[in-house]
Amino acid sequence: MFVMSVSSSVWLPYKFLFTFLYLSFWFCPQSTLQLSVSTLFLFFCTYSFLPHLNELNRSPQNQIPNYYQWDEAMMSKELKQVLVPGALIIGAGPSGLAVAACLKKRGVPSLILEKENCMASLWNLKTYDRLTLHLPKKFCELPYMKFPSEFPAYPTKQQFISYLEDYAKSFSIEPMFGQEVRWTEYDRSMRLWQVEAKESKFLCRWIIVATGENAEPVVPEIAGISNFGGRLLHTSIYKNGADFKGSKVLVVGCGNSGMEVSLDLCNSGAQVSLVVRDKVVCGIRRFTAKGVEFVNGEVQEFDSVILATGYRSNVASWLKEGNFFSQKDGYPKNPFPNNWKGEDGAYSVGFTRRGLYGASIDAQRVAEDIARQWKSQMKHLPLDL
C-alpha cells in the first residue's frame, strides 16, 4: 500500500495553491487548467511529499491517515475528502492483493479499502473448515509468488490464507480495514472518482473494483421460509458438522459447497438429504413449521436446513455508473477477456468466472494499462513549477 501521512506543517505551503486549483475547476470548467488536472495532481502528490515517506502507515488500521487532506474550508462537515495518488482498489481479497502487487512492481502507488477487519474475508470469515482449493495450486497462484513447495496439490483453507498473508507482507500491502464503500461515482468536472467509505470521501484518478463474484450470500425466496422452526443457515455461516450429529439435515444446492457440506455432515453422523431441484430430492415448494413440502407433494420433517445457494456480486448497489457493470447481476457487461476495463479510469479484477487464474490475468492487464498512463503523465510533469 502506498500511504503517506503528512503533517499540517508539511501541507501548509501548498494549501493556497491547491485551493486556487480547486476553485479554478469550478469557475473555469473548460479551461486548460482543467485538462491538466491529472498532471498537476501527480506532481503535488509525488514530488512535494517524497521526503516524508518515512511517515508511512503510522495510523491505526481503523483510522483514516492524513494522506493529502484538503483545507478545512473544502471539507464536508460530515466527510473528510482524501486525495489518493495512483489507484484506489476496493476489496482486499486475492484479486485486490494481486493487482496491488502488480501495480507496485510497475512503480504505481495504490491503496486498498476493505470493509471487513481482515484480508481475504470470504476465506477467513465465511468458509467451512474442510474447504480446500478446487483446482491444483499451480492454477491458483497470484502473480510473482508461488505456493510453498511443501503445500499439497490442493492447499487447505488455512494454507491458502497463510499464502495470502505472506503475499501481502512480501509486497508491503497494508489495506485500510473497516472501510465499507457506500457509493462510487465519477466526477466529470474534476475528472476524478469519488468514493465514499465510512467517514471519508476518497478522490482518485483510477478505481479498481476487486470485491469479487462472491461478495454476499444468496438466500432464495421460498414460501414459508420464516415459518420454519428448526435451524436455518447459509453455508457462509456453517463451519463443521459437529453440532449436527444425529440430526436430520436438508442441504439446498448441489454446487461445490453443497456437496462438501453434505459429505462433512455425513462424516459427522448427520442424516442428510440434498435438494438438487429434481436429481436426489425434488425442489422445495414451501417450508412448514417442522420441515419442507416438496414440489411432488411429499412432506418431510428436518431439524436443520443449510442453504448452499451460493453468492453474488454486490457492485451494482454502490457503483453509480451504467456502462461498465451490469445492474442486473453485478458483472462487467463485456465478457472475458474484455471484462477488465471500463471508462474514465475504471477497472475490474476477479470477475472472469475463471477463479484465481482469471483474477491473476486481470491483475496484470489492469496494472500494465494503469502503469502506461502513470508513466506518461510522470514524463510530462511541469517540473518548471
Side-chain angles (χ1 to χ4, degrees), residues 91-97 114-137 139-142 147 151-167 211-220 222 225 228 230-277 279-281 284 287 292 302-314 350 353-357 359:
S95 297
L97 298 178
E114 167 57 46
K115 70 175 182 178
E116 302 292 354
N117 61 357
C118 62
M119 293 180 290
S121 60
L122 179 66
W123 285 82
N124 269 298
L125 306 177
K126 298 178 181 180
T127 52
Y128 40 91
D129 295 342
R130 69 174 293 136
L131 178 64
T132 64
L133 293 180
H134 294 136
L135 291 174
K137 63 181 180 181
F139 298 111
C140 301
E141 293 172 341
L142 301 186
F147 280 99
F151 278 20
Y154 297 87
T156 66
K157 166 184 173 177
Q158 290 303 322
Q159 287 173 329
F160 184 60
I161 290 173
S162 69
Y163 168 77
L164 295 178
E165 291 173 345
D166 290 342
Y167 189 86
T211 49
E213 302 165 339
N214 302 316
E216 58 184 36
V218 172
V219 177
I222 303 176
I225 193 169
F228 180 59
R231 188 176 181 182
L232 177 69
L233 67 155
H234 190 271
T235 49
S236 59
I237 300 174
Y238 178 90
K239 295 302 178 185
N240 57 63
D243 294 337
F244 297 88
K245 183 176 182 180
S247 299
K248 290 188 64 178
V249 183
L250 178 66
V251 177
V252 181
C254 63
N256 290 329
S257 296
M259 293 297 189
E260 286 198 289
V261 166
S262 296
L263 177 60
D264 191 54
L265 288 165
C266 289
N267 291 341
S268 299
Q271 183 180 340
V272 183
S273 297
L274 181 65
V275 170
V276 195
R277 293 185 180 175
K279 291 187 176 184
V280 179
V281 176
I284 297 174
F287 277 87
V292 167
F302 294 98
D303 301 305
S304 301
V305 175
I306 298 176
L307 301 175
T309 45
Y311 297 83
R312 63 186 165 207
S313 163
N314 67 358
R353 303 181 193 267
R354 286 164 172 76
L356 294 166
Y357 178 73

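For reference, positions follow the sequence shown, starting with 1.
- Taking the ring-ring contact (aromatic ring centres under 6.0 Å, His included) definition, one finds that F302 meets it with nothing, sequence neighbours left out.
- Here the closest heavy-atom approach between residue V272 and residue C266 is recorded as CG2-SG, 3.8 Å.
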**Asked** Would F160 and F151 satisfy side chain to side chain contact (heavy atoms under 4.5 Å, CB included), going step by step from the backbone distance to the final call?
**Response** CA-CA 9 Å; F160 184 60; F151 278 20; over 6 Å; no
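- For R312, the salt bridge (charged side-chain N to carboxylate O under 4.0 Å, His left out) test picks out E216, with sequence neighbours left out.
- Take T127 and apply the side-chain hydrogen bond (donor to acceptor under 3.5 Å, both in side chains) test, not counting sequence neighbours, and it matches K157.
- Distance check: I161 CD1 to D166 CG gives 12.0 Å after rounding to the nearest 0.5 Å.
- Residues forming a side-chain hydrogen bond (donor to acceptor under 3.5 Å, both in side chains) with T132 (at least two apart in sequence, or on another chain): none.
- Annotation for S95 and A359: closest pair OG-CB, 3.5 Å, computed over non-hydrogen atoms.
- A salt bridge (Lys or Arg N to Asp or Glu O under 4.0 Å) check over residues 242-261, counting only residues at least two apart or in different chains, returns nothing.
- Taking each heavy atom of F244 and S304 in turn, the nearest pair found is CE2-OG, 3.6 Å.
- Rounding to the nearest 0.5 Å places CD of E141 at 10.5 Å from OH of Y167.
- Here I306 contributes atom CD1 and L274 contributes atom CG; the two are 11.0 Å apart, rounded to the nearest 0.5 Å.
- Residues passing the salt bridge (charged side-chain N to carboxylate O under 4.0 Å, His left out) test with R231, sequence neighbours excluded: none.
- Using the six-membered ring where Trp is involved, Y357 and F139 have ring planes that are perpendicular, over 60° apart on the 30 and 60° scheme.
- A side chain to side chain contact (heavy atoms under 4.5 Å, CB included) with V305 is found for one member of L233, L250, I225 and no other, namely L250.
- Atoms CD1 and CD1, from I284 and I222 in turn, are 4.5 Å apart once rounded to the nearest 0.5 Å.
- In this structure, the side chain to side chain contact (heavy atoms under 4.5 Å, CB included) partners of P152, at least two apart in sequence or on a different chain, are Q159.
- Across all their heavy atoms, Y154 and L133 have their closest contact at CD2-O, 3.2 Å.
- Residues satisfying the side chain to side chain contact (heavy atoms under 4.5 Å, CB included) criterion with C118, sequence neighbours excluded, are S121, N124, L125.
- Looking at T309, its side chain does come within 3.5 Å of a backbone N or O of V218 through a donor-acceptor pair.
- Every pair passing salt bridge (Lys or Arg N to Asp or Glu O under 4.0 Å) that includes a residue from residues 119-134 is listed here, sequence neighbours excluded: R130-D264.
- Checked by atom type and distance alone, the side chain of E213 pairs as donor or acceptor with a backbone atom of R353 at under 3.5 Å.
- The shortest distance between side-chain heavy atoms of Y163 and P155 does not fall below 4.5 Å.
- The shortest side-chain heavy-atom distance between S268 and N240 does not fall under the 4.5 Å cut-off.
- Of all the heavy atoms in A308 and V251, the pair that sits closest is CB-CG1, 4.2 Å.
- Annotation: side-chain hydrogen bond (donor to acceptor under 3.5 Å, both in side chains) contacts of K239 (sequence neighbours excluded): none.
- Every residue meeting the side-chain hydrogen bond (donor to acceptor under 3.5 Å, both in side chains) condition with S236, not counting sequence neighbours, appears here in chain and number order: H234.
- When all heavy atoms of G241 and L265 are compared, the closest pair comes out as CA-CD2, 4.1 Å.
- The structure places CG of L142 at 6.0 Å from CG of L164, a figure rounded to the nearest 0.5 Å.
- With sequence neighbours left out, Y128 forms a ring-ring contact (aromatic ring centres under 6.0 Å, His included) with no residue at all.
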